[in-house]
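Notes follow the structure.
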Amino acid sequence: MAATESPVVFLHQIERQYRQGDVTLDVLKGAELAVWSGQMVALIAPSGAGKSTLLHIAGLLEHQDAGEVYIDDVPTSNLSDTERTRIRRNEIGFVYQAHHLLGEFTAVENVMLPQMIRGLPKHEAQERGAELLSYLGLKDRLTHRPAELSGGEQQRVAIARAVANAPRLLLADEPTGNLDPKTSEHVFRALTQLVRASRLAAVIATHNLDIAARMDRRVTLKDGRILEVE
Ligand SMILES: Nc1ncnc2c1ncn2[C@@H]1O[C@H](COP(=O)(O)OP(=O)(O)OP(=O)(O)O)[C@@H](O)[C@H]1O
């Protein structure tokens, strides 16, 4: 990392409250996090601490109440919805605990879709989809539908889909949460491979401490703020 390089994502003094009736829940209270290209950051915190909220805000899926999200130095809070969607589509990839693949489409079609939404011709999307899936060890599964794939295979398709548009930032919310240890290891390796090869900035929420230990940094959420941990 060059000393002058800007972070891919910089969350600055992020505040987020949820109101339900008379009750106000302060989930984020000045959260601060910068992640650089090529860096994998594990986000480890108890259930309800605000991990998903933080990832949704970093991914421009949800608005913060105060503070700023910078993507490649661009402040995003005052951008139009169209502009936020453009950044989300082109610069950010998401992987969720449940893979959210489209059941009626094949593995490769699931990876083609975000690229075609972005305007890529079908044959190019198909070529990249097949290339990514092969890279993740799914060369023989291209035309399988999600129901015909194992949990780990489905999750690798979801990872391929998340990086199909060559994002700069990868956000993952417990990507190995539903998987057995061996499959988790497989999926984590696939994620690492892609982050390293494409120099992505990645924030990965996980409860798996073995996996967290192998990332570049570990952070937690305590009282609505981010703390670096060993
Ligand atoms: N839309 C919402 N409306 C009201 N409260 C919400 C909303 N979304 C989240 N919360 C509350 O905010 C807190 C943080 O939720 P969040 O999902 O970010 O936690 P988390 O750390 O991701 O938890 P988990 O590990 O269980 O997924 C929780 O107490 C949750 O109930």
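From a predicted model like this one, the values you see are computed outputs, not experimental measurements. As the structure lists them, so they are numbered: ligands from 1, and atoms in each ligand from 1.
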Identity and distance of the protein heavy atom lying nearest atom 13 (C) of ligand 1: Gly48 O, 3.6 Å
OG1 on Thr206 to CE on Met215, rounded to 0.5 Å: 5.5 Å
Tyr70 and Ser6 side chains, donor-acceptor separation under 3.5 Å: no
Nearest-neighbour protein heavy atom for atom 3 (N) of ligand 1, which is reported as residue plus atom name and distance: Tyr18 CD2, 3.6 Å
Those atoms of ligand 1 less than 4.0 Å from some heavy atom in His207: 25 (O)
Atom 18 (O) of ligand 1: the protein heavy-atom neighbour that sits closest, reported with distance to 0.1 Å: Thr53 OG1, 2.6 Å
Pairing of Lys29 and Glu15 as salt bridge, 4.0 angstrom limit: no
Polar atom proximity, Ser52 to ligand 1 (N or O, under 3.5 Å): yes
Over 12 foreign heavy atoms within 6.0 Å of CD, Glu185: yes
Worked check of side-chain hydrogen bond (donor to acceptor under 3.5 Å, both in side chains) between Glu68 and Ser77: CA-CA 6 Å; Glu68 187 57 273; Ser77 59; 2.7 Å; yes
Sub-4.5 Å side-chain heavy-atom contact between Thr176 and Ile211: yes
Donor on one side chain, acceptor on other, Asn90 and Arg118, under 3.5 Å: yes
Contact check: Val27 vs ligand 1, nitrogen or oxygen atoms, below 3.5 angstrom: no
Side-chain donor-acceptor pair present, Gln17, Asp26, cut-off under 3.5 Å: yes
Atom indices of ligand 1, in the order listed, that fall short of 4.0 Å to a heavy atom of Glu174: 25 (O)
Which segment of Ala45 sits under 4.0 Å of ligand 1 when only heavy atoms are counted: neither
Non-hydrogen side-chain atoms of Glu32 and Leu11 separated by less than 4.5 Å: no
Any His56 heavy atom less than 4.0 Å to ligand 1: no
Heteroatom distance test (Leu25, ligand 1): nitrogen or oxygen, under 3.5 angstrom: no
Proximal atoms of ligand 1 relative to Pro46 (non-hydrogen, under 4.0 Å): 21 (O)
Presence of salt bridge, Glu228 and Arg217, under 4.0 angstrom: yes
Protein residue, atom and distance nearest to atom 25 (O) of ligand 1, heavy-atom basis: Lys51 NZ, 2.7 Å
Taking atom 19 (O) of ligand 1 as the reference point, the nearest protein heavy atom with its distance: Gly50 N, 3.3 Å
Atom 30 (C) of ligand 1 protein-contacted (non-hydrogen atom, under 4.0 angstrom): no
Nitrogen or oxygen of Ala49 less than 3.5 angstrom from that of ligand 1: yes
Heavy-atom nearest neighbour in the protein, as seen from atom 24 (P) of ligand 1, with distance rounded to 0.1 Å: Ser47 OG, 3.7 Å
